[in-house]
Amino acid sequence: MKLLLLLLCLGLTLVCGHAEEASSTRGNLDVAKLNGDWFSIVVASNKREKIEENGSMRVFMQHIDVLENSLGFKFRIKENGECRELYLVAYKTPEDGEYFVEYDGGNTFTILKTDYDRYVMFHLINFKNGETFQLMVLYGRTKDLSSDIKEKFAKLCEAHGITRDNIIDLTKTDRCLQARG
């Protein structure tokens, strides 16, 4: 009887742990909770020049709008020392939890992890002229996040084949926040 009870407890623990992890990924994602203001915290790519100063993918998130079957992204990009605002709409694809947006080529992305109140982590694949690269971003509800969350993001980048040398902490750069209020 004790063995049966122990196995039952172990099973429940595993199920609860799996459900908690799954709540922040594709299947159980509640995108409505992503609506609101966000800040760019960390960006990573296996094509570093895309996320360096003046890189096309070095964007500074401001707001995510949850729309019907799509997500709207309001962000700033710095070009020639000037901050410029952009708004893009990403549309759901037939794949569960995947979106598509046109920006510097075609892009499909998924939300890897979120707790809705503090952070969200995206994984994006860009394809243009027969070439592809990966981009991963960490956005926060505040201007910075704990080193624990940043480390979790770095490990996720490594799991996707992006080295730590290709991870840039944007909290130490001009993120075009001056006009945000």
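Heavy atoms only: backbone and side chains are in, while hydrogens, waters and symmetry mates are out.
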Worksheet item: Is there a donor-acceptor contact under 3.5 Å linking the side chains of H160 and Q134?
Response: no

Discussion item. What I'd like to find out is whether the side chain of L34 reaches to under 4.5 Å of the side chain of Y116, using heavy atoms alone.
Written reply: yes

Discussion item. Less than 4.5 Å apart, side chain to side chain, heavy atoms only: is that true for I77 and L86?
Written reply: yes

Worksheet item: How far does CD1 of I41 sit from CZ of R118, to the nearest 0.5 angstrom?
Response: 12.0 Å

Fill in: Main-chain N/O of G36 paired to H63 side chain as donor or acceptor, under 3.5 Å
yes

Discussion item. Check for me, please, whether V101 and Y91 land in the same ILVMFWY cluster - side-chain distances under 4.5 Å, paths through other members count.
Written reply: no

Response to the item:
dist N46:CG -> L135:CG (nearest 0.5 Å) comes out at 9.0 Å

Worksheet entry | E52 side, atom CD; K47 side, atom NZ - distance, nearest 0.5 Å | 12.0 Å

Worksheet entry | Set of residues satisfying side chain to side chain contact (heavy atoms under 4.5 Å, CB included) with respect to N166, sequence neighbours excluded | R48, I162, T163

Worksheet item: So, the side chain of D148 versus the backbone of K152: is there a donor-acceptor pair under 3.5 Å, distance only?
Response: no

Worksheet entry | Partners meeting side chain to side chain contact (heavy atoms under 4.5 Å, CB included) with T108 (sequence neighbours left out) | E98, F100, I125, F127

Fill in: Partner residues of K92 under the salt bridge (charged side-chain N to carboxylate O under 4.0 Å, His left out) criterion, sequence neighbours left out
none

Item to complete: Nearest 0.5 Å please: distance from the OG atom of S147 over to the CG atom of D144.
Response: 9.5 Å

Fill in: Results of ring pair (Phe, Tyr, Trp, His ring centres under 6.0 Å) for F109 - residues two or more places apart only
F73, Y99, F122

Worksheet entry | Residues which pass salt bridge (charged side-chain N to carboxylate O under 4.0 Å, His left out) with K78, listed by chain and number, not counting sequence neighbours | D174

Worksheet item: Between T114 and K33, does a side-chain contact (heavy atoms from CB on, under 4.5 Å) hold up when you go through it step by step?
Response: CA-CA 10 Å; T114 184; K33 292 181 180 180; over 6 Å; no

Discussion item. Can you tell me how far apart CG (L156) and CG (L138) are? Round to the nearest 0.5 Å.
Written reply: 10.0 Å

Discussion item. If you define the side chain from C-beta out and look only at heavy atoms, does anything of M61 sit under 4.5 Å from R76?
Written reply: no

Fill in: Stepwise side-chain contact (heavy atoms from CB on, under 4.5 Å) test for N126 and T132
CA-CA 5 Å; N126 173 281; T132 65; over 6 Å; no

Worksheet item: In terms of heavy-atom contacts, does CD of E82 have more than 12 from other residues, nucleotides or ligands at under 6.0 Å?
Response: no

Worksheet, complete the sentence: With sequence neighbours left out, the residues meeting side chain to side chain contact (heavy atoms under 4.5 Å, CB included) with Y87 are D65, L67, K74, V89

Worksheet entry | Those residues that, when tested against S56, pass side chain to side chain donor-acceptor pair (under 3.5 Å) (two or more places apart) | D104

Response to the item:
For R141, the side chain to side chain contact (heavy atoms under 4.5 Å, CB included) test, sequence neighbours excluded, returns W38

Discussion item. Is the shortest side-chain heavy-atom distance between L112 and T110 below 4.5 Å?
Written reply: yes

Discussion item. Run the salt bridge (charged side-chain N to carboxylate O under 4.0 Å, His left out) test against E158 and tell me which residues pass, sequence neighbours left out.
Written reply: R164

Discussion item. Hydrophobic cluster membership, with links at side-chain heavy-atom distances under 4.5 Å among I/L/V/M/F/W/Y: are V137 and V66 in one?
Written reply: yes

Item to complete: Name all residues meeting the salt bridge (charged side-chain N to carboxylate O under 4.0 Å, His left out) criterion together with E79; count only those two or more places apart in sequence or in a different chain, and write none if there are none.
Response: R84

Worksheet item: Heavy-atom distance under 4.5 Å between the side chains of K113 and Y119, does that happen here?
Response: yes

Worksheet item: Just how far is it from atom NZ of K150 to atom SG of C157, taken to the nearest 0.5 Å?
Response: 13.0 Å

Fill in: Y139/V42 under side-chain contact (heavy atoms from CB on, under 4.5 Å): CA gap, chis, key distance, verdict
CA-CA 7 Å; Y139 300 137; V42 181; over 6 Å; no

Worksheet item: With sequence neighbours left out, what residues match T171 under side chain to side chain donor-acceptor pair (under 3.5 Å)?
Response: D169

Practice prompt. For residues L124 and Y103, determine if any side-chain heavy atom of one lies less than 4.5 Å from a side-chain heavy atom of the other.
Written response: no

Worksheet item: Does the side chain of R175 come within less than 4.5 Å of T173's, by heavy atoms?
Response: yes

Worksheet item: Run the side-chain contact (heavy atoms from CB on, under 4.5 Å) check on F133 and M57 step by step: do they pass?
Response: CA-CA 11 Å; F133 67 88; M57 294 298 192; 3.9 Å; yes

